[in-house]
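Report on one structure; see the data block that follows.
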Amino acid sequence: MSATEAERATQSNWPLFEVFLRSKRGLNHVHVGSLHAADATMALHHARDLYTRRNEGVSIWVVKAADITASSPDEKDPFFAPSGDKVYRHPTFYEIPDSIPHI
Amino acid sequence: MTAVKYEAPQAAELELYFEDTVARDRRIEPRDWMPDPYRKTMIRQIAQHAHSEIIGMQPEGNWVTRAPSLRRKAILLAKVQDEAGHGLYLYSAAETLGADRADLTNRLITGAQKYSSIFNYPTLTFADVGVIGWLVDGAAICNQVPLCRSSYGPYARAMIRICKEESFHQRQGYELLLTMMRGTDAQREMVQDATNRWWWPSLMMFGPPDADSPNTEQSMRWRVKRHTNDDLRQRFVDMSVPQAEALGVTLPDPALRWNSEREHYDFGQPDWAEFKRVISGNGPCNAERIATRRAAHEGGQWVRDAAAAHAARASRRGAVPPGLRSEATREGGAYERH
């Protein structure tokens, strides 16, 4: 947080953090929600109190919402077009006779 | 968030896409285009729900210091803490629509936004804690389970978490009442008295009768409301009658009887004039609830300021707080630490 950002936070709100939880070993961290905190340490503590009251997590990440760069929300955005017309990337594209085993 | 720029579709196309997404029962996500009235309706609905959870800590919080055993105190604390958590999940969902947290709090403590009328009634005895769990949380569950399928994604996801936790709330209340009903005559009278006082306000939680609920049709078309007020009220009555019988209390409604033709219970109407009085600020505890919330908010201002000042000083010094490392950068590496 820069000094000016912090001064703004003093006057109004603490910054917004997004919270990601690993629910158990072997699984990815998954976004569960957000919260406000003065800094990352406090965000972690708040995330523990808010999102893991019933053993929902074994590991927590917090990241400032302002630090996330996102693609456009539109699913039809041409940004995703490169994968739209490549059906040959899927196994179902290929015809194999039923008589061939294990494929 | 920063968005990568691309050529935006036209307004009419966006509206069609929105309508189609909702009609196909898919979810609207925060940065999707949505009509302004939908955004306003969702902010209002989620904010009122969040305020209700936050104010809802007070009636039961009233009994934390006087719970009759350590077991009951621990349960009650956990439940009140859950209500705080539910409020925070919901404020966080409202913020995805562009609402500002400080502004929402301000609207609550100035009375500009409402909360559920049920929390403006006093908790006179410890039996009230049980009846609130049984009837008030029971009614809340009836209202909330369908909202897990709200068309607004962040709200639906918050509701799934909340419904999982509410189940404990209702069961602890009913168990508390079962225990009291096995006790003395005086305890049984307390349970009956609390049931008499909370039954009608619980029925009011579903909102006015359908004929007086002008926004229902639009809300159902947007799939932010899945059943009408009267349907949910009927469902709640049908669920509660056998529970009351098993408990051994009488629900205070002379019109309550099984209708074998409809295969539902017939029941009387709450005093809707009272409902209007309470929701517009003149219930038994409205002023006290708001004053308590305002005092907590204003009394906490120096803590928020001090934490922000501390964070600012630490960041100027470039200090890394103890125990904190960038775990995320290790993802995929062989040495992830716990």
Side-chain angles (χ1 to χ4, degrees), chain A residues 1-20 22 25 28-29 31-44 46 49-54 56 58-81, chain B residues 1-9 13-14 17 21 28-33 78 81-82 84-85 88-93 95-96 100-103 105 154 157-158 161 164-165 168 303-316 320-324 326-328 331 336-338:
Chain A
M1 198 192 293
S2 72
T4 43
E5 245 185 301
E7 279 153 22
R8 219 178 305 127
T10 311
Q11 287 156 10
S12 57
N13 289 320
W14 291 339
L16 188 69
F17 287 81
E18 299 295 335
V19 180
F20 300 79
R22 184 199 295 289
R25 285 176 176 278
N28 290 318
H29 285 77
H31 181 245
V32 290
S34 61
L35 49 77
H36 289 273
D39 58 30
T41 314
M42 185 191 272
L44 267 187
H46 283 182
D49 294 343
L50 186 56
Y51 292 105
T52 66
R53 287 196 302 284
R54 291 176 176 78
E56 292 96 332
V58 296
S59 165
I60 305 174
W61 290 346
V62 291
V63 57
K64 265 200 206 141
D67 290 340
I68 294 177
T69 304
S71 66
S72 116
D74 190 345
E75 291 160 35
K76 288 185 294 191
D77 185 350
F79 182 71
F80 294 107
Chain B
M1 289 198 202
T2 347
V4 176
K5 280 198 179 126
Y6 79 110
E7 207 175 315
E13 192 188 335
L14 287 167
Y17 187 66
T21 304
I28 302 300
E29 293 297 342
R31 294 163 60 243
D32 288 345
W33 183 91
Q81 195 185 13
D82 273 354
L88 294 175
Y89 303 156
L90 290 165
Y91 282 132
S92 145
E95 286 181 280
T96 65
D100 175 76
R101 178 76 62 98
D103 179 53
T105 302
R157 293 192 284 275
R161 287 186 84 89
K164 275 186 193 159
E165 299 181 355
F168 137 62
V303 180
R304 294 191 292 278
D305 290 347
H310 174 77
R313 197 173 54 182
S315 98
R316 271 198 302 275
V320 179
L324 269 188
S326 182
E327 292 274 352
E331 184 69 341
E336 191 169 357
R337 181 181 58 91
H338 279 283

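Everything quoted here is computed from the prediction, not taken from an experiment. Convention: sequence-line order gives letters A, B, ...; per-chain numbering from 1.
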key: Side chain / backbone / both / neither for B/Asp100 at chain A, heavy atoms under 4.5 Å   =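 Side chain only.
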
key: chain A contact via B/Arg157 - which portion, at a heavy-atom distance below 4.5 Å   =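 For B/Arg157, neither part sits under 4.5 Å from chain A.
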
query = By a 4.5 Å heavy-atom criterion (distance strictly below it), what part of A/Phe20 contacts chain B: side chain, backbone, both, or neither?
reply =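 Contact with chain B involves no heavy atom of A/Phe20 at all.
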
query = Looking at side-chain heavy atoms only, is the closest gap between B/Leu88 and A/His46 below 4.5 Å?
reply =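 When only atoms from C-beta onward are counted, A/His46 and B/Leu88 do not touch, as no gap falls below 4.5 Å.
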
task = Measure the shortest side-chain to side-chain distance between A/Met42 and A/Trp14 over non-hydrogen atoms and say whether it is less than 4.5 angstrom.
result =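 Yes, close enough: below the 4.5 Å cut-off.
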
Under 3.5 Å: donor-acceptor pair, side chain of [X], backbone of [Y]:
X	Y	answer
B/Arg101	A/Leu35	no
A/His31	A/Gly33	yes
A/Tyr51	A/Ser34	yes

query = Do you know which of B/Glu95, B/Lys164, B/Glu29, B/His310 has the most heavy-atom pairs with chain A at a distance under 4.5 angstrom?
reply =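 Result: the option with the highest number of such pairs is B/Glu95.
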
ask   = For chain B, which of A/Leu16, A/Val63, A/Leu50, A/Asp67 has the most heavy-atom pairs under 4.5 Å?
value =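 Of A/Leu16, A/Val63, A/Leu50, A/Asp67, A/Leu50 has the most heavy-atom pairs under 4.5 Å with chain B.
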
